[in-house]
Amino acid sequence: MLWIKNLVRISPTTSSVGNLFRNSESGYTLTSRFCTALQQTEPVQAATEPHRYDGLAPTKEGEKPRVLVLGSGWAGCRLMKGIDTSIYDVVCVSPRNHMVFTPLLASTCVGTLEFRSVAEPISRIQPAISREPGSYYFMANCSKLDSENHEVHCETVTDGLSTLKPWKFKIAYDKLILACGAEASTFGINGVLENAIFLREVHHAQEIRRKLLLNLMLSEVPGISEDEKKRLLHCVVVGGGPTGVEFSGELSDFIMKDVRQRYSHVKDDIRVTLIEARDILSSFDDRLRHYAIKQLNKSGVKLVRGIVKEVKPQKLILDDGTEVPYGLLVWSTGVGPSSFVRSLDFPKDPGGRIGIDEWMRVPSAEDVFAIGDCSGYLESTGKSTLPALAQVAEREGKYLANQLNVMGKAGGGRARSAKEMELGEPFVYKHLGSMATIGRYKALVDLRESKEGKGISMAGFVSWFIWRSAYLTRVVSWRNRFYVAINWLTTFVFGRDISRI
């Protein structure tokens, strides 16, 4: 991380060395465009305190306004892609330096695709971050938001390395975009966080793949009991939404086409169970749902209707007292507000997300916007909260990027300069439809605007071809489109990779 070299703590006695450092009126000491917040009235304390904040100072006249984006998901990355970097400097703060193409994430768990195929580096989405002198990516989390002073407090992410201690820094902004996403919902059920694996990030898919292959290999070890073998080979998926159903379909394909050939000693013992409290794929047409149930049953996926009451290290307990042993537990029950979002002192929507108006603004904080899964309409707008979908987040990011570009061209890019500015047409979302693959070269395509609306809905091989074609064109870069196409071809010809790396 080259930017670390620029975060330099200096004492007031060193500021006269050469012309590299100068003191600003705001109390920041600048090194290039980075700064250290030193209190000039307390030089001794500033020199001895190890926890002083370093960071980026407020922009000055002659410099481009700074857009600070918290998050690198669908909403944040689409905004960064559309922002006009001739008007703004872009700074992104996120614990990951890439965007995850989540519709294809389930395919990486079983080796249909390689992990790099679904990870798009931020620097490819917005090249200015790696080229422009005032644009940066920082691998960090936001720990505090000071909207009054237009500052964000951050802490670096070290991936748990004990040799590298995290440190704190500040970033001043002209426009702040909260696109920090959501976290998996556990509904307060005991043991979920400790024992289940979610499917939202690349490292989750890697963990699932390693666990699945480990269980397959352990089940062939001599002397293992039949009960333990059956437990190890029982894969349980909780949540009957598109993610849970797609993972179950991919897993059943993996079992039928690869496990039966390469793990013939245990081929008859491996099972997949999908647990859902209500109906699977509830947002889809009823005809498509019944088709999905029929195909999943043909693939050997057992559907169980029930509510999980408790999760233990080797079994989960349903509300009717049924105990379900498992070797792999994947939790996919939707998302809710993250702890960071809950900690913010902003008005919230009924679901606990950051409250916004029709222009993606946070009304209680000037120059602060929120998009994606972390935001929802305030009740005062009279609009219902949009679903936590990739297409919603992507379109919100595109809309806000256009709004900021118009604002910047009109002279409203600076902090506190757009209070009286008209923002144009409010955001309007039109649902383009839903798709889900269910394995065995079958998929569902529902192009209706709502469950009650009219439109095209289909299922089968043609739908599977449409599903693959649509997502291949939606992959962000040509590089990753090539990766995905080659991975699909390789899997079709040679089968899935079962190496445990």
Side-chain angles (χ1 to χ4, degrees), residues 74 101-107 112 182 184-185 199-200 237-253 256 272-307 330-336 351 373 376-377 383-396 428-474:
W74 282 87
F101 193 79
T102 47
L104 298 179
L105 188 59
S107 298
T112 306
S185 295
L199 186 53
R200 294 181 53 78
V237 182
V238 179
T243 301
V245 169
E246 288 189 334
F247 175 71
S248 299
E250 288 281 354
L251 193 54
S252 65
D253 267 4
M256 296 181 69
V272 181
T273 299
L274 175 60
I275 301 175
E276 170 57 42
R278 299 181 181 87
D279 296 323
I280 68 168
L281 300 173
S282 57
S283 63
F284 283 73
D285 178 72
D286 288 341
R287 182 176 61 85
L288 298 184
R289 290 196 307 102
H290 293 312
Y291 179 85
I293 292 172
K294 181 180 178 181
Q295 291 299 318
L296 289 172
N297 286 330
K298 282 185 178 180
S299 300
V301 178
K302 181 182 178 182
L303 301 179
V304 174
R305 179 173 291 190
I307 299 174
V330 177
W331 195 270
S332 177
T333 58
V335 296
D373 294 351
Y377 287 123
K383 292 189 172 185
S384 57
T385 298
L386 297 174
L389 299 174
Q391 60 175 298
V392 175
E394 184 182 27
R395 240 168 301 162
E396 286 181 345
V428 177
Y429 172 69
K430 183 179 179 181
H431 187 61
L432 298 179
S434 303
M435 296 187 292
T437 178
I438 52 177
R440 295 165 60 96
Y441 303 110
K442 304 289 193 304
L444 313 176
V445 174
D446 191 348
L447 301 182
R448 300 171 305 157
E449 289 189 28
S450 66
K451 191 173 181 179
E452 296 76 23
K454 295 182 179 180
I456 299 173
S457 59
M458 62 180 74
F461 176 78
V462 174
S463 298
W464 175 82
F465 183 79
I466 293 173
W467 177 86
R468 282 210 164 180
S469 302
Y471 281 134
L472 184 62
T473 60
R474 297 300 295 162

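Because the structure is predicted, anything quoted here is derived from the model rather than measured. Side chains are part of it too, since the values below use all heavy atoms of this structure and drop only hydrogens, waters and symmetry mates.
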Considering only heavy atoms from C-beta outward, does the side chain of [X] approach that of [Y] to under 4.5 Å?
X	Y	result
Y291	I438	yes
V304	L274	no
R305	D279	yes
V238	T333	yes
S434	F284	yes
I280	I293	yes

Please work out whether the ring planes of W464 and Y441 are parallel, tilted or perpendicular, with thresholds of 30° and 60°. perpendicular
Point-to-point distance, once rounded to the nearest 0.5 Å, from [atom1] of [X] to [atom2] of [Y]:
X	Y	atom1	atom2	result
H431	L386	NE2	CG	11.0 Å
M435	L288	CE	CG	13.0 Å
K294	H290	NZ	NE2	12.0 Å
S457	R448	OG	CZ	6.0 Å
E250	L104	CD	CG	9.0 Å
L303	I275	CG	CD1	10.5 Å

State, to 0.1 Å, how close [X] and [Y] come at their nearest heavy-atom pair, and which atoms those are.
X	Y	answer
V301	S248	CG2-O, 4.0 Å
A182	V335	CB-CB, 3.8 Å
A292	L281	CB-CD1, 3.9 Å

D253/R440 under salt bridge (charged side-chain N to carboxylate O under 4.0 Å, His left out): CA gap, chis, key distance, verdict: CA-CA 6 Å; D253 267 4; R440 295 165 60 96; over 6 Å; no
I would like to know whether R474 and E394 meet salt bridge (charged side-chain N to carboxylate O under 4.0 Å, His left out); could you show each step before the answer? CA-CA 11 Å; R474 297 300 295 162; E394 184 182 27; 2.5 Å; yes
Taking [Y]'s backbone N and O only, do any of them form a donor-acceptor pair with [X]'s side chain (distance below 3.5 Å, no angle check)?
X	Y	answer
S463	M458	yes
Q391	L432	yes
D446	D285	yes
S185	G336	yes
R287	A459	no

List the steps and the verdict of ring-ring contact (aromatic ring centres under 6.0 Å, His included) for F461 and W467. CA-CA 10 Å; F461 176 78; W467 177 86; over 10 Å; no
Could you go through the side-chain contact (heavy atoms from CB on, under 4.5 Å) check for T102 and W74 one step at a time? CA-CA 9 Å; T102 47; W74 282 87; 3.1 Å; yes
So for atom CZ, which belongs to F465, do other residues, nucleotides or ligands contribute more than 12 heavy atoms lying within a distance under 6.0 Å? no
